[in-house]
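A short write-up of the structure that comes next.
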Amino acid sequence: MLRELRAQLRQAVETKQDIQGVGRSLGQTAGASIRLGDDCAAIPDGADYLLFAAEAMWPVLVEAEPWLAGWCGVQVNINDIYAMGGRPVAVVDALWGQSTKHLEPIMAGIKAAAETYGVPIVGGHTNAQSPYNALAVAIMGRAKRLISSFTAQAGDVLLLAIDLRGQLHPHYPFWDCSLGTAAERLRADLEVLPQLAEAGLCDCGKDVSMGGIVGTLLMLLETSGCGARVDLAKIPVPEGLSLAGWLTSFPSYGFILSVRPQYVAAIEPYFARRDLVCIALGRVQTGSQLQLQLGGEEQVFWDLAQEPLTGFGSYG
């Protein structure tokens, strides 16, 4: 069973290797102190950090469900800011459409998400004379203390914080626990991340992306230069979903945290108070391998020293 699951998970993750070309072009850092490969660029700004990120939407989603594409364009950027212990300041969008009529549902989705999450839209770019429809959204935020994917240490406990109060989209691997949910709850759920950072309880983590839970963990390990062992049986799966389907889904609220063992007991109540699931998946270890366990079986999922993923890592 684990062998077949491993093959499915690798297929979901391998597209992240496209990022290597950008890494070869730009290098590992920008300027003297800004490391590339995190959920956001973290730019030192006095005692704080200015956070900057951008996302382009999947063309298939823009064509098939333009309102949802607009909503997700804002939501995924907001998740990136909170994943780094920050709070969003403002977003801008870049819209291309075949007509103003094509742009209207995209913009409606953008506006709805911005209002729900309380983040202003402050500008952008619009072209209604394009041969295609497309969307990109950029965001700025601020953090007092960072949660970064570069700071995992051997011995850390890996925590998965996720919202199971949702449903899978009927056509796409999108676990939605945001649409139709009260804005106050969505904002308070995300606020847990900067609270943990500012309390000194967590300095390492990552937003679960389209690579799924395992793929996101692999990217975190790569930037930190570590390996890990994970027990997939510990991951709670929503009713009606297979383990493979769940592990290759993108959740609208999902974070992987790498935590010093002495802080785990203090972190769990933060999520429990919000009715969010927080479970331990495994541990970070030395080396370059991500090892998966399931039902008595164990396999090396990926060896980052032999096969880089994004290329933003160093193994020697």
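Here, residue 1 is the first one in the sequence, and each next residue gets the next number.
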For [X] versus [Y], what's the shortest heavy-atom pair and its separation?
{"X": "L168", "Y": "S249", "answer": "CD1-OG, 3.7 Å"}
{"X": "A152", "Y": "S258", "answer": "CB-OG, 3.4 Å"}
{"X": "D303", "Y": "V300", "answer": "N-CG1, 4.4 Å"}
{"X": "P236", "Y": "V277", "answer": "CG-CG1, 3.9 Å"}
{"X": "L309", "Y": "G215", "answer": "CD2-O, 4.4 Å"}
{"X": "I147", "Y": "G205", "answer": "CG2-N, 3.2 Å"}

Do any N or O atoms from the side chain of [X] and from the backbone of [Y] form a donor-acceptor pair under 3.5 angstrom?
{"X": "E4", "Y": "M1", "answer": "yes"}
{"X": "S130", "Y": "Y132", "answer": "yes"}
{"X": "W302", "Y": "Q289", "answer": "no"}
{"X": "S242", "Y": "G245", "answer": "yes"}
{"X": "Q17", "Y": "P308", "answer": "yes"}
{"X": "T248", "Y": "A244", "answer": "yes"}
{"X": "S149", "Y": "T223", "answer": "no"}

Quick one: does [X]'s side chain get under 4.5 Å of [Y]'s, heavy atoms only?
{"X": "P66", "Y": "E63", "answer": "no"}
{"X": "R3", "Y": "Q299", "answer": "yes"}
{"X": "C72", "Y": "M57", "answer": "yes"}
{"X": "P261", "Y": "R283", "answer": "yes"}
{"X": "L247", "Y": "L232", "answer": "yes"}
{"X": "I19", "Y": "F312", "answer": "yes"}
{"X": "L68", "Y": "L61", "answer": "yes"}
{"X": "V284", "Y": "V157", "answer": "no"}

For D80 and D38, what are the C-alpha separation, side-chain angles and deciding distance, and is it a side-chain contact (heavy atoms from CB on, under 4.5 Å)? CA-CA 9 Å; D80 283 341; D38 230 325; over 6 Å; no

Carefully, step by step, assess R10 and F301 under the rule side-chain contact (heavy atoms from CB on, under 4.5 Å). CA-CA 8 Å; R10 282 187 62 94; F301 175 69; 3.4 Å; yes

Answer yes or no: does atom CZ of F52 have more than 12 heavy-atom neighbours from other residues, nucleotides or ligands under 6.0 Å? no

Q262, CD: over 12 other non-hydrogen atoms inside 6.0 angstrom: yes

Do [X] and [Y] sit in the same hydrophobic cluster, where Ile, Leu, Val, Met, Phe, Trp and Tyr count as joined when their side-chain heavy atoms come under 4.5 Å apart?
{"X": "L5", "Y": "L290", "value": "yes"}
{"X": "I139", "Y": "W71", "value": "yes"}
{"X": "L220", "Y": "I81", "value": "no"}
{"X": "L50", "Y": "Y82", "value": "no"}
{"X": "Y263", "Y": "L281", "value": "no"}

If I take atom [atom1] from residue [X] and atom [atom2] from residue [Y], how far apart are they, to the nearest 0.5 angstrom?
{"X": "N79", "Y": "S178", "atom1": "CG", "atom2": "OG", "value": "8.5 Å"}
{"X": "I213", "Y": "I235", "atom1": "CD1", "atom2": "CD1", "value": "4.5 Å"}
{"X": "L146", "Y": "C204", "atom1": "CG", "atom2": "SG", "value": "11.5 Å"}

Cation-pi geometry met for R273 and F271 (6.0 Å, 45°): no

Using 30° and 60° as the class limits, which term best fits the ring planes of [X] and [Y]: parallel, tilted or perpendicular?
{"X": "F255", "Y": "Y253", "answer": "perpendicular"}
{"X": "F250", "Y": "F174", "answer": "parallel"}
{"X": "W246", "Y": "W175", "answer": "perpendicular"}

Please determine whether a side-chain nitrogen of the Lys or Arg among [X] and [Y] lies less than 4.0 Å from a carboxylate oxygen of the Asp or Glu.
{"X": "R87", "Y": "E198", "answer": "yes"}
{"X": "R229", "Y": "E298", "answer": "yes"}
{"X": "E297", "Y": "R6", "answer": "no"}
{"X": "R145", "Y": "D48", "answer": "no"}
{"X": "R260", "Y": "D203", "answer": "yes"}
{"X": "D189", "Y": "R165", "answer": "yes"}
{"X": "K206", "Y": "D39", "answer": "yes"}

Side-chain donor/acceptor pairs under 3.5 Å, residues 103-116, sequence neighbours excluded:
unit_1 : atom_1 : unit_2 : atom_2 : d
T116   : OG1    : A112   : O      : 2.8

Donor-acceptor side-chain pairing of [X] and [Y] below 3.5 angstrom:
{"X": "T310", "Y": "E222", "value": "yes"}
{"X": "D207", "Y": "S209", "value": "no"}
{"X": "E65", "Y": "H169", "value": "yes"}
{"X": "Q129", "Y": "Q98", "value": "no"}

Residue of the set V92, N77, I121 for which side chain to side chain contact (heavy atoms under 4.5 Å, CB included) holds with V137: N77

Please name the residue in the list I279, L217, V259, D231 that meets the side chain to side chain contact (heavy atoms under 4.5 Å, CB included) test with L158. L217

Checking side-chain contact (heavy atoms from CB on, under 4.5 Å) for the pair I78/L190: CA distance, chi angles, key distance, verdict? CA-CA 9 Å; I78 286 172; L190 287 166; 3.9 Å; yes

Trace of the side chain to side chain donor-acceptor pair (under 3.5 Å) decision for Q75 with Y117: CA-CA 8 Å; Q75 182 184 70; Y117 287 99; 3.0 Å; yes

Verdict with supporting geometry, R185 and D163, side-chain contact (heavy atoms from CB on, under 4.5 Å): CA-CA 12 Å; R185 193 189 95 184; D163 192 348; 3.4 Å; yes

